[in-house]
Protein chains: 2
Amino acid sequence: MANNKYRFFIFLYMNEQSYPEFTGLELSPRKVDYLKFILEKGGTVRTTEISSGLQVDPSTTSKTLNELANAGYLNHVPYRGVDLTELGKAYTQFLIRRHRILSLLLTHYGLSSEEACDEVSRFEAFVSRDAVDKICSSMGHPMFGVCGEISHGKCLHEETHHRLPE
Amino acid sequence: MANNKYRFFIFLYMNEQSYPEFTGLELSPRKVDYLKFILEKGGTVRTTEISSGLQVDPSTTSKTLNELANAGYLNHVPYRGVDLTELGKAYTQFLIRRHRILSLLLTHYGLSSEEACDEVSRFEAFVSRDAVDKICSSMGHPMFGVCGEISHGKCLHEETHHRLPE
DNA sequence: CAAAAATTTGGGTATACACCAAATTTATTC
DNA sequence: GAATAAATTTGGTGTATACCCAAATTTTTG
């Protein structure tokens, strides 16, 4: 019984749902790219993988990773690599949901999947979580988007605001 | 007859249609604000009107107006004010159409007019003209949006690409 | 025409994003 | 197990955007 409770806590902790405070406007477009890349890569990711993935100098990557770590999204072990913190995971799940919802939306207006994805990549960092949640509700919480499955951590229960014990 | 021809030329010159080259991504979010403000104000606009309208120091306004003039969107008579060039008019008509189309779109997904307008203001500068034209077509070229009438300079004839004589 | 108001200029700050070169750490190979 | 190679970080720079203040300039007004 105590064990079940613990597992439930872990589930909440890893979900977007657990961080009702963020607006979705916290990160610059480029930082959004970094987090999405790291989540999609999975586990611990090295500087070189990111710098070649995002076509940027390793020194730029190193500095950006440091900033994301200072902001609490990443664990950074110097010379070893980064992985997402629990906050980082929850936040990046939102980033990916946002990207997919917006891309899906644009495909309903005559853009191809690729066009929609490119277009959204340019502006998504400036679309608020509130707007994404409303769009998501209005679309009936679609499960599949143009870039793969949409993860519905929070969108399904906008009214519920679970908080972590303090 | 020669007179009619001349008027026709003027009509084209002042229309979005006449500039098939721009992508809609030329200007930063703030510069978009400046041009929209100037078009809505109409005629010659003074630095003070803009700086109080956009809540920014007059010195900042003065510098930005200079940049927009150098880029060809404004005529700037020092100490007197600015007005839109023909390019500036055509471009700003697109900016306003983009703003209205995107705002209208978001109101179809559960956002209020004001929410949609605020949301769009944050990201519109990063939405391409191609995407706007596709969305506009797909919506059936709506004539009214949440922020007033939508001006359809170009959207009605995507296939036609008039060019200025050189 | 002198004072007041508007505008511009010069100088300074901050953020975001990028690069290169040099220093440091880790990994490899002999 | 060192020497070399590869990866990473640090320090220094550069560009672009956007903002402010103070001082100089121009225009307006009383």
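Letters A, B, ... are given to chains in the order of the sequence lines, protein chains preceding strands, and every chain is numbered from 1.
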State whether the side chain of [X] and the backbone N or O of [Y] hold a donor-acceptor pair below 3.5 Å, judged by distance alone.
X      : Y      : result
A/S103 : A/H99  : yes
B/E115 : B/S112 : yes
A/T85  : A/G72  : yes
B/T92  : B/G88  : yes

Interatomic distance, [X] [atom1] vs [N] [atom2] [rounded to whole Å]:
X      : N      : atom1 : atom2 : value
A/I50  : C/dA18 : CD1   : C1'   : 16 Å
A/D33  : C/dC17 : CG    : C1'   : 12 Å
B/N70  : D/dT17 : CG    : C1'   : 15 Å
A/E67  : C/dA14 : CD    : P     : 15 Å
B/F126 : D/dT17 : CZ    : C1'   : 10 Å
A/L54  : C/dA18 : CG    : P     : 8 Å
A/R122 : C/dC17 : CZ    : P     : 16 Å
A/H76  : D/dA7  : NE2   : C1'   : 11 Å

With rounding to the nearest 0.5 Å, note down the distance linking CG in A/L105 to CD1 in B/I135.
8.0 Å
Under a 4.0 Å heavy-atom criterion, the protein footprint on nucleotides 19-27 of chain D, written with B, S and -, is BBBB--BSS
Does atom CD (A/E26) have a neighbourhood of more than 12 heavy atoms from anything else shown, all under 6.0 Å?
yes
